[in-house]
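Report on one structure; see the data block that follows.
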Protein chains: 2
Amino acid sequence: MKQRLAAIGTVETLPHRVAAFLSREIESGELNPGARLPTEQELSEKFGVSRNVVREAIAQLRADGMIEARQGIGAFVLAPEQRAAIRIDREALKDTHNMERLFELRCILEAEAAALAATRREKEHLDSIKAALDRMGGEERWEEGSIDADLLFHREIARATGNSYIHTFISFVCEQIRQSIHYARLTNPLHDLVEINVGEHVRIYDALVAGDPDAAEAAMRAHIVGAANRVGVKLPLQKTTGAR
Amino acid sequence: MKQRLAAIGTVETLPHRVAAFLSREIESGELNPGARLPTEQELSEKFGVSRNVVREAIAQLRADGMIEARQGIGAFVLAPEQRAAIRIDREALKDTHNMERLFELRCILEAEAAALAATRREKEHLDSIKAALDRMGGEERWEEGSIDADLLFHREIARATGNSYIHTFISFVCEQIRQSIHYARLTNPLHDLVEINVGEHVRIYDALVAGDPDAAEAAMRAHIVGAANRVGVKLPLQKTTGAR
DNA sequence: CGGATCCAGTTGTAGGATGATATGTATCAC
DNA sequence: GTGATACATATCATCCTACAACTGGATCCG
């Protein structure tokens, strides 16, 4: 747990700050695709840091496919479609409207994933899903432990689809939501404990055991809409009927 | 175009190679979460590079949330759930099975996105979607131009959902698929020109204009299954009925 | 005019030096 | 002996300088 807190409250290192600055400049359109960045020396003078720091910052942006550096010429901004990675700005997560969008994305992914999982799940998957479910209800303290179990439950369902990309994407989105909730609790301590509806989870699990994709999808959709409501986010989804 | 080729055939810089090595070691489980990496000096000796290069490599991994460095102690491997970014290994894209998984993920995202877009699209969105559609059919040469138009068509639909995260995710997945097709064509030159079914696109567009979410979703689903087939990937989706 | 060569600018890599921080050890007072 | 303090060590963070590799243009030469 200490490890997680350390990860969240990570100190802002100089290269990280420089990278964030350049990144925002690119996102905001001040540096258009194809434009050339200032030289490393100019940047190091501008920010008052060593060239080494600038290079580490650029290494980060380059790894994301945001810019491309060519020896002897300079560094250039790439088009957004050429990004090699998806990264979500933690600052943006503090905005409730963005949280709503994130929940919407999560709903899309997980609802379909639940349907897939219902047709493909094997015994091993059901066992680990059940284990997460038990941990969730068994925890006396509603704190971190049961939140972890909740996330594990969702990740295990994603894994049961047999599609590693789906697993990766869902894990990622869930983790972003966890962290944005974490922030929200810091600034708004009245949500001291997070309410988890075990009944909704059980309905999902039952549908998976039954191998019914439509029921699994509907249950998952209802659950995520409910979870969003419980943290104060209203999902404007049109598909709450579920049945088809 | 030269720009894109340069981006794809980018030279392997030393920090990139070191980062890739460490990354593989983490993914393969040789370095478990919580494990401590060798010191920067040890790594620089092991790889025969300067400490500077090692630091740039670590900066990349750290930006992805794959490792966490703590001053005075060392660098530690983080759990996969704590990743701050999604990155897809280009090497993995050369595997047909992975392409199938990627198409499946794409189908999930885009089908639901099309339904959302049908209810939320405004005139501006319809105009840009139509423009992409015209470019697609109008291109004489089936080469890059119309592939670009195809991708733009899908991205504009994603944008019409009004959810920037959905837009980002779909753009990303589409781009990965584009590149994996690019690779496939290099090794298998019999697919010299990519076939694009304009009719399928028109049906999607019509459903969006009509504002019919179910029709849009079904049309999108059918289109992506068709597109996968045309590049030799068979999608094992259970939901080809579409109508609800 | 054409071509080879040189030159200045930029990124890539190397190596060392110093500061900041965490951990363990030794010393000292009591 | 015990506790607190000071010190030593290890490690990452940052800075600095220098040189190598590469590019593009200027210059020079025929």
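Letters A, B, ... are given to chains in the order of the sequence lines, protein chains preceding strands, and every chain is numbered from 1. If you're wondering where the values come from, they're calculated on a predicted model, not measured in any experiment.
Between the side chains of B:R55 and B:N52, no donor-acceptor pair of N or O atoms lies under 3.5 Å. Side-chain atoms of A:T39 and A:Q41 include no donor-acceptor pair closer than 3.5 Å. Residues B:R106 and B:H154 have side chains that bring a donor and an acceptor to within less than 3.5 angstrom of each other.
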Please list, pair by pair, any protein nitrogen or oxygen found under 3.5 Å from a nitrogen or oxygen in nucleotides 17-23 of chain D.
from: D:dA21; atom 1: N3; to: A:Q71; atom 2: NE2; distance (Å): 3.0

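Distance, A:E12 CD to D:dT14 P: 11 Å, rounded to whole Å. Atom C1' of nucleotide D:dT11 and atom CG of B:L43 are separated by 12 Å, given to the nearest angstrom. As rounded to whole Å, 11 Å separates atom C1' of D:dC12 from atom CD1 of B:I67. Rounded to an integer number of Å, the gap from A:Q41 CD to C:dG12 P is 15 Å. A straight line from CD of B:E45 to P of C:dG16 spans 11 Å, rounded to a whole angstrom. Protein atom CD of B:E40 is 14 Å distant from nucleotide atom C1' of D:dC15, rounded to whole Å.
Not one N or O on the side chain of A:D64 forms a donor-acceptor pair closer than 3.5 Å with the backbone of A:M66. Not one N or O on the side chain of A:Q179 forms a donor-acceptor pair closer than 3.5 Å with the backbone of A:Q176. Looking only at distances, no side-chain donor or acceptor of A:N32 sits under 3.5 Å from a matching main-chain atom of A:A35.
In the set C:dT10, C:dT13, D:dC15, the nucleotide with an atom closest to the side chain of A:L14 is D:dC15.
At the phosphate of D:dT14, OP1 or OP2 sits under 4.0 Å from a side-chain N or O atom of A:T13. Between A:S50 and D:dC15 there is a side-chain polar atom (N or O) within less than 4.0 angstrom of OP1 or OP2.
Bending across the helix from C:dC1-D:dG30 to C:dC30-D:dG1, expressed as the angle between its end axes from five pairs apiece, amounts to 30° (10° rounding).
Each ring-ring contact (aromatic ring centres under 6.0 Å, His included) pair with one or both residues in residues 19-51 of chain A, not counting sequence neighbours, appears once here: A:F21-A:F47.
By the salt bridge (charged side-chain N to carboxylate O under 4.0 Å, His left out) test, B:E100 pairs with no residue at all, sequence neighbours left out. Looking at residues two or more places apart in sequence or on another chain, you find a side-chain contact (heavy atoms from CB on, under 4.5 Å) between A:A117 and A:I157, A:A160, A:T161, A:L208.
Exactly one residue among A:H125, A:H223, A:H201 makes a ring pair (Phe, Tyr, Trp, His ring centres under 6.0 Å) with A:F153. That residue is A:H201.
Taking a 4.0 Å limit (strictly below) on heavy-atom distances, residues 55-62 of chain B does not reach DNA chain C anywhere.
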